[in-house]
There are 2 protein chains.
Amino acid sequence: MSKSKTELSASLEDYLEAIFLIAEEKGAARPKDIADRLDVRAASVTGALKTLAEKALVNYAPYDIVTLTATGKRIAKEIVRKHSALLRFFSNVLDIPRKEADEFACKMEHSIPDHVLERFIGFAEFVEKCPNSGAIWQNKAKGYFCKAQGSNQTLCDQCSLSE
Amino acid sequence: MSKSKTELSASLEDYLEAIFLIAEEKGAARPKDIADRLDVRAASVTGALKTLAEKALVNYAPYDIVTLTATGKRIAKEIVRKHSALLRFFSNVLDIPRKEADEFACKMEHSIPDHVLERFIGFAEFVEKCPNSGAIWQNKAKGYFCKAQGSNQTLCDQCSLSE
DNA sequence: ACGAAAAGTTAGGTGCAGCTAAATTACTTC
DNA sequence: GAAGTAATTTAGCTGCACCTAACTTTTCGT
């Protein structure tokens, strides 16, 4: 028995995620698509697919189209969820440019504990839903982060940042 | 010339950081201390030290004490700065338990872009310094994250979360 | 339907970062 | 100062994740 333990490396998680997203976009995932998306060579994809097949996360047959098993799909969705949540936080709360936010989310998604993820999500929801605190926050944050465009207006009247 | 490019792996950055912190705590870093701190075997430390010495980041001589070069120290401080900033954010803003916050900071510190780091820092400063928005935020956050201890009081009167 | 081009696979290689086991050096302590 | 113990290093191995080069299979255009 070869480690049925579902402990995936960051790399294998990337493959799973890529397969899932490609399948969503264009129906089915072919090795070439995966290679392009992950910016690796086709040979590397073959290797990864074999490993994932051993773990029963993808259905793989040589020269055939790649699909996720039920388990594989479940795990892929988990990863996508993390990615999306992080992206949302970086974009909406920290106001990081999309591309950069996406890249960093990609790195973090493999190591973030569930527990911490929930906090990120809660935080983003709070900032988005709370028009008072959220708005103050975002404006202050931008003013603070980017003094160039900073107006002097004090949105938060008790705030020591409004010097 | 063997890659004077200062592109360090996450692993090597961990060694650098460990050496720096050990040196701060107890004056000098010995391989054993490093091994204990990073939870690797002594033999692995020797290997890493040789690599770091090649890159002129540590002063290494067999059986001698390990010190950082000026460059090594500069880089180590950068890493520590990132680690501290992330830890602060996770602890003070997201209210993650210390240990977990520390572990996750340890993973993120190697891949976070400067740009993003500054946002985290600004965010933490804002929440800490702004007694109005900050306090509302934190209380709502706790209430939101942890319904078990959630009182019904509405700190933010325009907030749609206070249902 | 056949031949070229594209896609996929295989075989074998690299670098990294860890490991064990065995040898060496340094440190105690009597 | 000799002996035992602890620390360190060396040598060689493993697994991972990528790569290139060469081969095989599939697909497509005419």
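We name chains A, B, ... by the order of the sequence lines, and we start the count at 1 in each one. No experiment lies behind these values; they were computed from the predicted model shown.
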Interatomic distance where NZ belongs to B/Lys55 and P belongs to C/dG15 [whole Å]:
13 Å
Expressed as a whole number of angstroms, how long is the span from B/Asp14:CG to C/dA17:P?
10 Å
Mind checking whether A/Phe123 and A/Phe89 have parallel, tilted or perpendicular rings, split at 30° and 60°?
perpendicular
Between B/Ser9 and C/dA17, does any side-chain N or O lie under 4.0 Å from OP1 or OP2?
yes
When we call it a touch if two heavy atoms are under 4.0 Å apart, what does A/Thr51 touch: a base, just sugar-phosphate, or nothing?
nothing
Taking only N and O in the side chain of A/Ser11, is any of them less than 4.0 Å away from OP1 or OP2 of D/dC18?
yes
How about A/Ile79 and A/Phe20: do any of their side-chain heavy atoms sit closer than 4.5 Å?
no
When you compare the side chain of B/Tyr60 with that of B/Thr46, does any pair of heavy atoms fall below 4.5 Å?
yes
If you compare all heavy atoms of B/Ala105 against all heavy atoms of B/Leu87, which two are closest, and at what distance to 0.1 Å?
CB-N, 4.0 Å
Just by distance, do the side chain of B/Arg119 and the backbone of A/Leu94 share a donor-acceptor pair under 3.5 Å?
yes
Validation row: A/Leu57, A/Leu68 side chains within 4.5 angstrom (heavy atoms):
no
Is it true that a side-chain atom of A/Asp36 and a backbone atom of A/Asp33 form a donor plus acceptor pair closer than 3.5 Å?
no
Please determine, for the side chain of B/Tyr15, which listed nucleotide (D/dC18, C/dG8, C/dG18) has the closest atom?
C/dG18
Rounded distance in Å - CG (A/Leu49) to P (C/dA7):
16 Å
At under 4.0 Å, does any side-chain N or O of B/Lys50 touch on OP1 or OP2 of D/dT10?
yes
Send over the distance from B/Glu13 CD to C/dC16 C1', rounded to a whole Å.
15 Å
Distance in angstrom units between B/Leu38 CG and C/dC19 P, rounded:
10 Å
Report all interatomic pairs (protein N or O, nucleotide N or O of nucleotides 19-26 of chain D) with separations under 3.5 Å.
unit_1: D/dC19; atom_1: OP2; unit_2: A/Arg41; atom_2: N; d: 2.9
unit_1: D/dC19; atom_1: OP2; unit_2: A/Ser44; atom_2: OG; d: 2.6
unit_1: D/dT20; atom_1: OP2; unit_2: A/Arg41; atom_2: NE; d: 3.1

Rounded to whole Å, how long is the line connecting atom CG of B/Asp64 with atom C1' of D/dT9?
14 Å
Between A/Arg30 (CZ) and C/dA7 (P), how many Å, whole number?
7 Å
Whole angstrom value for the distance that separates C1' of D/dA17 from CD1 of A/Ile34:
16 Å
Which nucleotide in C/dA17, D/dT9, C/dT10 has an atom nearest any side-chain atom of B/Tyr60:
D/dT9
